[in-house]
Structure formats: C-alpha cells, structure tokens
Number of protein chains: 2
Amino acid sequence: MTYEQALTALADPTRRHIFEALRDHPKTVGELALTQPVSRPAVSQHLKVLQSAQLVSVKPKGNKRLYAVKREGLEELRSYLDSFWSDVLSAYSAEIAKRVDNN
Amino acid sequence: MTYEQALTALADPTRRHIFEALRDHPKTVGELALTQPVSRPAVSQHLKVLQSAQLVSVKPKGNKRLYAVKREGLEELRSYLDSFWSDVLSAYSAEIAKRVDNN
DNA sequence: ACTTACAGTAAGCTATGACTTACGAACAAG
DNA sequence: CTTGTTCGTAAGTCATAGCTTACTGTAAGT
C-alpha cells in the first residue's frame with residue numbers, strides 16, 4: 001500500500017532532492033531549504049508528503065525539527081520491485097521453455 | 001539518469017496498472033486497453049512514457065504491436081534504491097558509533 | 001514579558017500532465 | 001483496390017500538484 005505513495009513521493013524532482021539531501025545525516029527544515037531552489041514552506045510541504053510515504057521521520061529538537069531518512073518506505077518500494085523482478089524472470093524462462101517446446 | 005524517468009513513469013496509477021498487466025506475458029495495445037478504464041489512445045501515450053523509461057519494449061507483430069516488460073528500467077531503479085539503502089545503513093551505523101563515543 | 005527564530009498551515013495562482021475525440025498511417029483480408 | 005483492424009499522433013480540455021505569500025503557533029533568548 002505504501003509503495004504507491006513512495007513512488008509518487010520520489011517522482012517529484014525537488015522532493016527527491018530533499019530526500020537525497022538526508023542521505024548522510026538528519027537535517028532541519030531550514031537547512032534543507034538552503035540547499036533547495038524553493039521556499040521553506042515548499043520544503044515543509046514536501047516533507048509532509050515524504051513522511052506520509054514512510055520515507056522520512058521527524059524528531060523535535062527544541063525549537064527545530066530534525067528530519068531523517070526512514071527505512072519503511074524504502075523497504076516497501078524495494079519489495080515491490082523485487083516481486084516484479086521475479087515475475088519478469090519467470091516470464092522470461094517460461095518464454096524460453098515455450099521456444100524449446102516448439103523445436 | 002533513467003531511474004528518474006522510471007520513478008515518474010511508475011508514479012501514475014493507470015500507467016502502473018498497465019505496466020503490471022504485462023507481468024506474466026506480452027500484450028497488444030488493444031488487449032491492454034480492455035483491462036483499463038481509459039481509452040486506447042491513452043494507453044498508447046502511457047506506453048510511450050514507459051518505453052522512454054526503458055520499462056517496456058515493443059515488437060511489431062504484423063498489424064499489432066506486442067509490448068513486454070523490459071529489465072533495464074527496473075535495474076536502474078533498483079540500483080538507485082540500493083545505493084540509497086547502503087547510505088542509510090552506513091549513516092545508521094555512524095550514528096551508533098557516535099553514541100558509543102559519547103559514553 | 002516581549003522579541004526573535006523556526007516551522008507548519010491556509011489560500012490562491014499557474015503550469016503540467018492525463019484524458020478525450022478526431023485524424024492519419026500501415027498492414028491484413030476480401 | 002477497397003474495406004477493416006490496429007495503432008500512433010494532434011489538438012484541445014480539465015484537474016491536480018507544486019509553488020508563493022501571508023498567517024499562526026511554539027519554543028528560545030533577553
């Protein structure tokens with residue numbers, strides 16, 4: 001269910017950039033906004049989407065809010081791709097088998 | 001470079017459904033359109049996007065055109081997620097190490 | 001207490017993308 | 001060669017998603 005939200009979340013370029021900016025270590029909204037070409041409220045809105053997609057987590061740190069990458073969303077998306085992967089492979093081997101039968 | 005296109009391609013629900021309809025075996029545009037709630041030209045347009053994202057391939061079969069799942073796009077997307085994965089894990093262990101240092 | 005810093009929410013604008021209908025091209029069939 | 005499928009493209013409509021400015025709230029600093 002969440003892999004769909006993860007896909008739509010990571011589809012937007014700026015949102016993806018924000019997400020990637022959290023690769024190494026957690027950052028605040030203000031810090032993130034500095035590295036992005038959009039306004040701070042825009043970053044907030046993007047973080048909201050990322051959060052509902054289980055891709056980031058928040059931890060209030062006094063006045064600020066620390067955003068960090070969360071594993072759940074990534075895992076969901078990964079397993080979705082993996083299921084697809086095996087399907088494609090099995091379909092491929094089925095095709096091979098069919099050709100063998102035709103000989 | 002392609003993983004971005006793959007993300008935006010799979011972000012749209014109907015386009016994702018079309019893609020998933022090709023899981024087991026290749027289909028023609030008409031066959032795909034029957035299973036979808038949109039018109040046939042819409043399916044064609046979606047297939048064009050999926051194709052440029054390296055997610056599907058076409059093989060002309062007389063009058064018709066057979067669309068099938070292609071591995072390239074999936075591989076790109078998978079490796080992108082994987083790179084992210086390791087980054088998250090290393091950041092996590094770095095955090096652990098930092099806490100250990102603080103004791 | 002008041003002021004400043006930080007962040008989320010509301011409202012409104014705009015561009016883009018997903019859809020439709022209409023048309024054109026290519027191959028098949030009769 | 002004419003008719004019928006099958007599909008892609010063009011043009012135009014409409015909804016949505018992303019952005020901005022303005023505001024509201026909350027915690028810290030003085």
Side-chain angles (χ1 to χ4, degrees), chain A residues 1-22 25-70 73 77, chain B residues 1-22 25-70 73 77:
Chain A
M1 195 71 102
T2 330
Y3 74 88
E4 308 166 359
Q5 299 182 32
L7 280 171
T8 59
L10 294 179
D12 181 69
T14 46
R15 198 153 48 211
R16 194 169 49 239
H17 293 151
I18 291 176
F19 185 59
E20 293 172 355
L22 296 174
H25 65 87
K27 292 193 177 73
T28 68
V29 181
E31 289 172 346
L32 286 170
L34 289 178
T35 68
Q36 303 298 327
V38 296
S39 70
R40 187 196 48 74
V43 175
S44 265
Q45 294 163 2
H46 282 307
L47 286 170
K48 190 177 182 182
V49 176
L50 288 171
Q51 194 177 358
S52 69
Q54 308 279 24
L55 286 170
V56 300
S57 62
V58 216
K59 187 196 292 181
K61 196 84 173 184
N63 206 9
K64 313 178 179 180
R65 310 193 108 216
L66 273 181
Y67 282 87
V69 173
K70 199 177 177 183
L77 189 47
Chain B
M1 195 69 104
T2 331
Y3 74 89
E4 307 167 357
Q5 300 182 31
L7 280 171
T8 58
L10 294 179
D12 180 68
T14 47
R15 199 153 46 213
R16 193 169 49 239
H17 292 152
I18 291 174
F19 185 60
E20 294 172 353
L22 295 174
H25 64 88
K27 291 193 179 73
T28 67
V29 181
E31 288 171 347
L32 286 170
L34 289 178
T35 70
Q36 302 298 328
V38 297
S39 70
R40 186 196 49 75
V43 174
S44 265
Q45 292 164 4
H46 283 306
L47 285 169
K48 189 178 182 182
V49 175
L50 289 171
Q51 194 177 357
S52 70
Q54 308 280 25
L55 286 170
V56 300
S57 62
V58 217
K59 188 195 292 181
K61 196 86 172 183
N63 206 8
K64 313 177 179 182
R65 309 193 110 215
L66 272 181
Y67 281 88
V69 173
K70 200 177 175 183
L77 188 47

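Order of the sequence lines fixes the chain letters, A, B, ..., with proteins taken first and strands second; residue numbering starts at 1 for each chain.
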Measure from NZ on A:Lys27 to P on C:dA7 and round the result to the nearest Å.
13 Å
Side-chain contact check for A:Ala42: nearest option of D:dC19, D:dG4, C:dC6 is D:dC19
Side chain of A:Arg15 only, please: which of D:dT6, D:dG18, D:dC7 is the nearest?
D:dG18
How is B:Pro41 classified with respect to the nucleic acid when contacts are heavy atoms under 4.0 Å: base, sugar-phosphate, or nothing?
base
Run the side-chain contact (heavy atoms from CB on, under 4.5 Å) test on A:Thr28 and A:Leu66 for me, step by step, so that the C-alpha distance in whole Å, both residues' side-chain angles and the decisive distance to 0.1 Å come before the verdict.
CA-CA 5 Å; A:Thr28 68; A:Leu66 273 181; 3.8 Å; yes
May I have the distance from B:Ile18 (atom CD1) to D:dC7 (atom P), rounded to whole angstrom?
13 Å
Rounded distance (Å) that lies between atom P of C:dA7 and atom CG of A:Leu34:
10 Å
Given atom CG of A:Leu66 and atom C1' of D:dA27, what is their separation to the nearest angstrom?
15 Å
Whole angstroms only, please: what is the NZ-P distance between A:Lys59 and C:dA7?
15 Å
Rounded to the nearest 0.5 Å, how far does CD1 of A:Ile18 lie from CG of A:Asp12?
8.0 Å
Within the structure, does a side-chain N or O atom of A:Thr14 lie under 4.0 Å from either OP1 or OP2 of D:dG18?
no
Take the protein atom CG of A:Leu50 and the nucleotide atom C1' of C:dG8, then report the distance between them rounded to whole Å.
15 Å
Would you say B:Ser39 places a side-chain N or O within less than 4.0 Å of OP1 or OP2 belonging to C:dT21?
no
Nearest to the side chain of B:His46 - C:dA18, C:dA22, D:dG18?
C:dA18
How close or far is atom C1' of D:dG8 from atom NZ of B:Lys64, stated in whole angstroms?
17 Å
Rounded to the nearest 0.5 Å, what separates atom CG in A:Leu50 from atom CG in A:Leu10?
7.0 Å
DNA chain C: 5'-proximal contact among A:Asn63 and B:Asn63 (nearest heavy atom)
A:Asn63
So what does B:Arg40 touch, heavy atoms closer than 4.0 Å: a base, only the sugar-phosphate, or nothing?
base
Would you find a donor on one side and an acceptor on the other, under 3.5 Å apart, between the side chain of B:Arg15 and the backbone of B:Ala9?
yes
Shortest side-chain distance from A:Asp12, nucleotide among C:dA18, D:dG18, C:dA5
D:dG18
Can you tell me how far C1' of D:dC7 sits from CD of B:Glu31, to the nearest Å?
13 Å
May I ask you to verify if any side-chain N or O of B:Tyr67 is less than 4.0 angstrom from the OP1 or OP2 atom of D:dT6?
no
Regarding the side chain of B:Gln45, the nearest nucleotide among C:dG8, D:dA10, D:dT21 is D:dA10
Listed nucleotide nearest any side-chain atom of B:Lys48, set C:dA5, D:dT9, C:dA18
D:dT9
Check whether any side-chain nitrogen or oxygen of B:Arg65 sits under 4.0 Å from OP1 or OP2 of D:dG8, and answer yes or no.
yes
With respect to the side chain of A:Ser44, which nucleotide from C:dA7, C:dA22, D:dG4 is positioned closest?
C:dA7
